Amino acid sequence: MIEICPFEISRRDLLVSSAATAAFASVAGNAHAQISGNEMQQSSNVSFKVNGEEHALELDNRTTLLDALREHLHLTGTKKGCDHGQCGACTVMVDGRRINSCLTLAVMHDGDEITTIEGYGRPGNLHPMQVAFVKHDGFQCGYCTPGQICSSIAVLQEIEANIPSHVTGDLTEKASVTSAEIRERMSGNICRCGAYSNIVEAITEVAGSKA
Amino acid sequence: MRAFTFERAESVRAAAESASNNPEAKFIAGGTNLLDLMKLEIEVPTHLIDVNGLGLDKIEVTSEGGLRIGAMVRNTDLASHETVRRDYGLLSRALVAGASGQLRNKATTAGNLLQRTRCPYFYDTAQSCNKRMPGSGCSAIGGVTRQLGVIGTSEACIATHPSDMAVAMRALDAVVETTRPDGTNRSIPISDFHHLPGDSPHIETALEKGEMITAVTLPKPAGGMHIYRKVRDRASYAFALVSIGAIIQADGTGRVAVGGVAPKPWRVDAADAALAKGAKAACAELMADARPTDDNRFKIALVERTLAAVIEETRDKP
Ligand SMILES: Cc1cc2nc3c(=O)[nH]c(=O)nc-3n(C[C@H](O)[C@H](O)[C@H](O)COP(=O)(O)OP(=O)(O)OC[C@H]3O[C@@H](n4cnc5c(N)ncnc54)[C@H](O)[C@@H]3O)c2cc1C
Ligand code: SF4
Ligand code: FES
Ligand code: FES
């Protein structure tokens, strides 16, 4: 039998080793860029909590929150789709609000509390929204799913908090959970597999309404 | 993305000074437009000044009975604010018609006003663009121009300003409040805030080097019905082809601002005066000097029809 791949490297090994290289490079780059200790350097210190755990990092200023989570903390549940705010795959919660982690700098989150899909639930101990996505087949390839689930949880909280949407009828009345509201509020999460209608069913079930 | 140094500003004055001392510095608010453009190396600041921690996130009633909106108030918070929903509904409506829930949670009042054009040639660094690289030419002219401007444009640039919020601010007669590096403040009426391109499309606003937006104020409520109608290629999460922000009183008079057609939110005094005569009359004034391309001529008819639909809506509702 011919050996096709003599150097079996798993994706995870590769990630860990490239993160190590990046850490080395940033330390080196750092020493170079330091100007008389007046903060004029190209990396910064930042501490934030992710899924309840405190992390103190020294990061190149360019590092997005998404890359900090994936490449530095190895929380790879959060996905990079477009890296430009257009797809929602990178959606995480920061201080209780959903944002696109690709369009924010990690160094701008000092002291923040971040929740990623890993923080909502894990196999054996799933969040009700995760259970509903499984039950309703709210995904096919699954790539957009962590972002969809984070957004879904946030959407129900946003309706509860009476934040209006484009389809809200009367601005002075309380927003309600309808299929139209869910669809509009989920429009920042794109699914190439087109699992949309099942996603709406999953959210509707969790909302406990017959939208 | 090019490397940059980063600072968390200590005060408004210090932020403005730092920005004026460092010619390649930029303020960063929500980051949703700036970082997008930095990744593409369309924006290449060497220093970023984070202005989020300065307490500019409050909405207060002014002594004139209007509203003072801090520069760092998030789009979500502004759209959700009780007074805004009740008295400035047009603003809430315009905000929630823009971007996505995630983006609105980050995007700020100042950042939204200062977001840059979505002209596809501005975004493509392989193309010449007078806005991105002054004097290099405009690839859009003679190119694909369906989304681009029909009025207020120039031989140098035909891009539009993409903000929905700014259209509402224009109809509401908002005033942009700033602090300059020397510590002086000024108030810029929204009508003077965005510049037309002329022969310098890279100069987009009245802001001077280092000048920082601290707030946007609204005069006391104008009453009337507030309607924001956005026409786009998909029902959500897309920029406007045409949008209308209107405040219409019971007698049919009112004001109207148009988005998606010009380098700034487009409002014309004569159109406001003609509004009671109907969409055709108002649109004739709004689009009087239009210079569309063959690709985007449809926007002129679309403005009239969208305005007609808006006026119709005010008649349907008591
Ligand atoms: C996928 C996508 C879809 C979108 N769709 C829409 C849409 O449909 N409608 C719409 O209106 N918008 C839309 N947007 C744009 C969005 O509204 C803007 O990105 C956002 O409002 C910018 O605000 P920010 O606070 O993030 O600004 P930033 O990105 O932080 O800053 C933008 C600019 O403002 C400057 N700045 C920031 N604060 C100040 C200050 N206080 N003083 C002086 N200068 C300052 C910065 O230096 C920068 O040049 C969309 C964006 C994306 C990514
Ligand atoms: S229209 Fe303006 S922004 Fe677009 S390519 Fe021409 S100069 Fe650049
Ligand atoms: S990866 Fe952030 S929105 Fe697509
Ligand atoms: S499940 Fe494949 S992209 Fe959504």
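Per chain, numbering begins at 1; letters A, B, ... match sequence-line order. Since this is a predicted model, take the numbers as computed values, not measurements.
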For A:Pro164 versus B:Val96, what's the shortest heavy-atom pair and its separation?
O-CG1, 3.5 Å
Go through the atoms of B:Leu34 and report whether side chain, backbone, both or neither lie under 4.5 Å from a heavy atom of chain A.
neither
When you measure from the side chain of B:Arg85 to the backbone of A:Thr172, do you find a donor-acceptor pair of N or O atoms at a distance under 3.5 Å?
no
Atom pair CG (B:Asn105) and CG (A:Asp95), whose distance is rounded to the nearest 0.5 Å:
11.5 Å
Spacing of CE belonging to A:Met93 relative to CD belonging to B:Gln102, to within rounding of 0.5 Å
10.0 Å
Contact part of A:Cys102 toward chain B, heavy-atom cut-off under 4.5 Å: side chain, backbone, both or neither?
both
Does atom CD (B:Glu82) have a neighbourhood of more than 12 heavy atoms from anything else shown, all under 6.0 Å?
no
Rounded to the nearest 0.5 Å, what separation is found between the CZ atom of B:Phe6 and the CD atom of A:Gln42?
13.5 Å
Applying salt bridge (charged side-chain N to carboxylate O under 4.0 Å, His left out) to B:Asp77 and not counting sequence neighbours gives A:Arg97
How long is the straight-line distance from CG of A:Asn100 back to NZ of B:Lys106, given to the nearest 0.5 Å?
10.5 Å
May I ask you to list the residues in residues 35-44 of chain B that approach chain A closer than 4.5 angstrom, counting heavy atoms only, ordered by number?
B:Leu35, B:Asp36, B:Lys39, B:Leu40
Heavy-atom cut-off 4.5 Å, strictly under: side chain, backbone, both or neither for B:Ala29 against chain A?
backbone
Given side chains that start at C-beta, do those of A:Leu103 and B:Leu103 come closer than 4.5 Å, heavy atoms only?
yes
Contacting moiety of A:Ser44, where chain B heavy atoms sit under 4.5 Å:
side chain
Contact check, side chains of B:Arg86 and A:Leu171, non-hydrogen atoms, under 4.5 Å
no
All heavy atoms of B:Arg93 vs all of A:Thr168, minimum pair found to be NH1-O, 2.8 Å
With a 4.5 angstrom heavy-atom cut-off, is it the side chain or the backbone of A:Leu105 that approaches chain B, or both, or neither?
both
Do side-chain atoms of B:Tyr237 reach the backbone of A:Gln86 as a donor and acceptor pair under 3.5 angstrom?
yes
Does any backbone or side-chain atom of A:Asp110 lie under 4.5 Å from a heavy atom of chain B? Answer side chain, backbone, both or neither.
side chain
Of the listed B:Ser236, B:Ser100, B:Ser92, the one with the largest count of heavy-atom pairs under 4.5 Å with chain A is B:Ser236
Go through A:Asn189, A:Asp83, A:Ile190, A:Val94 and name the one with the most non-hydrogen pairs under 4.5 angstrom from chain B.
A:Asp83
Please classify the contact of B:Arg2 with chain A as side chain, backbone, both or neither, using a heavy-atom distance under 4.5 Å.
backbone
So with a 6.0 Å cut-off around NZ of B:Lys220, is the heavy-atom count from everything else above 12?
no
